[in-house]
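Take a look at the structure below.
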Amino acid sequence: MKKQLLFIFLFVFTSVFCQTKEFSSNNWRTGGGIGLNLGLGDEQYFGFNISPFLGYAFTPYMEAGITAGYQHSKWKNVKQNLFSGGPYVHFYPVETLFLRVHYEYFTGNSKVSFPSISSSHFSEDALWLGAGYRTTGTVQFYSGILYNVLYKENSRLFLNGFLPFAGIGFSL
């Protein structure tokens, strides 16, 4: 039910802004983040992630778009692949500060190869609410913090409900 309400809200809100402003090529935003994690010694950890986004600034005060993500992790006898995606909306009370609402669906699998081989599949929803800062210009650096209001203890994916983020965006 929460998913349906969020999608209805985003659809109606976006539809209203689409009718009040013509599309312009310089209102498109794209960017994302990329990461590499290595652990040496007994841990022998390797992690890689990529998280692109595509958005559109409907007004100087609102941007909406979609995100996607992939993460691969390997340590000791465990391999894990995680995929994510979902819509987001940024509200800009001032040019460099934003409030963010971001629904994200995660799905993935893990394979453990000791003492015997076993695989598992998992999925989880997140509804992130938070705030951040961005620079202005064609190339923008952004960072902030989000909280997952759907977070539950013993989550398979999240140690806690908070998620700091940072990345680079480009105005097209």
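One-based numbering along the sequence shown. What's counted below: heavy atoms across the whole structure, side chains too, no hydrogens, waters or symmetry copies.
Scanning for side chain to side chain donor-acceptor pair (under 3.5 Å) contacts around Tyr61 gives an empty result, with sequence neighbours left out. Every side chain to side chain contact (heavy atoms under 4.5 Å, CB included) that Thr67 has, sequence neighbours left out, goes to Phe53, Tyr88, Arg100, His102, Glu104. Partners of Phe46 according to the ring pair (Phe, Tyr, Trp, His ring centres under 6.0 Å) rule, which considers only residues two or more places apart in sequence or in another chain, do not exist here. For Ser155, the side chain to side chain contact (heavy atoms under 4.5 Å, CB included) criterion is met by Glu124, Tyr151, Leu157, Phe158, not counting sequence neighbours. Partners of Ser171 under the side chain to side chain contact (heavy atoms under 4.5 Å, CB included) rule, at least two apart in sequence or in another chain, are Arg29, Gln140. By the ring pair (Phe, Tyr, Trp, His ring centres under 6.0 Å) test, Phe165 pairs with no residue at all, sequence neighbours left out. Not a single side chain to side chain donor-acceptor pair (under 3.5 Å) links Asn49 to another residue, sequence neighbours left out. Applying the ring pair (Phe, Tyr, Trp, His ring centres under 6.0 Å) rule to Phe83 yields the partners Tyr70; only residues at least two apart in sequence or on another chain are considered.
Clustering of Ile, Leu, Val, Met, Phe, Trp and Tyr side chains at separations under 4.5 Å places Ile168 together with Val139, Phe170.
Linking Ile, Leu, Val, Met, Phe, Trp and Tyr whenever their side-chain heavy atoms come within less than 4.5 Å puts Phe162 and Leu127 in one cluster. Side-chain heavy atoms closer than 4.5 Å link hydrophobic residues (I, L, V, M, F, W, Y) into clusters, and following such links, possibly through other members, connects Val101 to Ile145. Note on Phe58 and Leu172: same hydrophobic cluster, where clusters join Ile, Leu, Val, Met, Phe, Trp and Tyr whose side-chain heavy atoms are under 4.5 Å apart, directly or indirectly. With hydrophobic clusters built from ILVMFWY side chains whose heavy atoms lie under 4.5 angstrom apart, Ile66 does not share a cluster with Val89.
Rounded to the nearest 0.5 Å, atoms NZ (Lys79) and OG (Ser119) are 10.5 Å apart. To the nearest 0.5 angstrom, Leu163 atom CG is 9.0 Å from Asn148 atom CG. Taking CD1 of Ile34 as the start and CD1 of Ile50 as the end, the distance is 4.5 Å to the nearest 0.5 Å.
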List the atom pairs, with distances to 0.1 Å, where a side-chain N or O of residues 130-138 and a protein N or O form a donor-acceptor pair under 3.5 Å, not counting sequence neighbours.
| from | atom 1 | to | atom 2 | distance (Å) |
| --- | --- | --- | --- | --- |
| Arg134 | NE | Glu95 | O | 3.1 |
| Arg134 | NH2 | Glu95 | O | 3.2 |
| Thr135 | OG1 | Phe141 | N | 2.9 |

I would like to know whether Leu82 and Phe122 meet side chain to side chain contact (heavy atoms under 4.5 Å, CB included); could you show each step before the answer?
CA-CA 9 Å; Leu82 181 65; Phe122 51 87; 3.8 Å; yes
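Among residue pairs with one or both ends in residues 113-122, none qualify as salt bridge (charged side-chain N to carboxylate O under 4.0 Å, His left out); sequence neighbours excluded. Listed by first and then second residue, the side chain to side chain donor-acceptor pair (under 3.5 Å) pairs that reach into residues 109-118 are Ser110-Ser120, Ser110-Arg156, sequence neighbours excluded.
Checking Glu63 against Tyr92 by side-chain atom types alone, a donor-acceptor pair falls below 3.5 Å.
Between the side chain of Asn27 and the backbone N or O of Ala57 there is at least one donor-acceptor pair closer than 3.5 Å. Distance alone, capped at 3.5 Å, places no donor-acceptor pair between the His90 side chain and the Leu99 backbone.
A pairwise comparison of heavy atoms in Gly169 and Tyr142 identifies N-CE2, 3.8 Å as the closest pair. The minimum heavy-atom distance between Ser73 and Tyr45, with the atom names listed, is OG-OH, 3.4 Å.
Heavy-atom neighbours of Leu38 CG from other residues, nucleotides or ligands within 6.0 Å: above the threshold of 12.
Taking the six-membered ring for Trp and the full ring otherwise, the centers of Tyr103 and Tyr105 sit at least 6.0 Å from each other.
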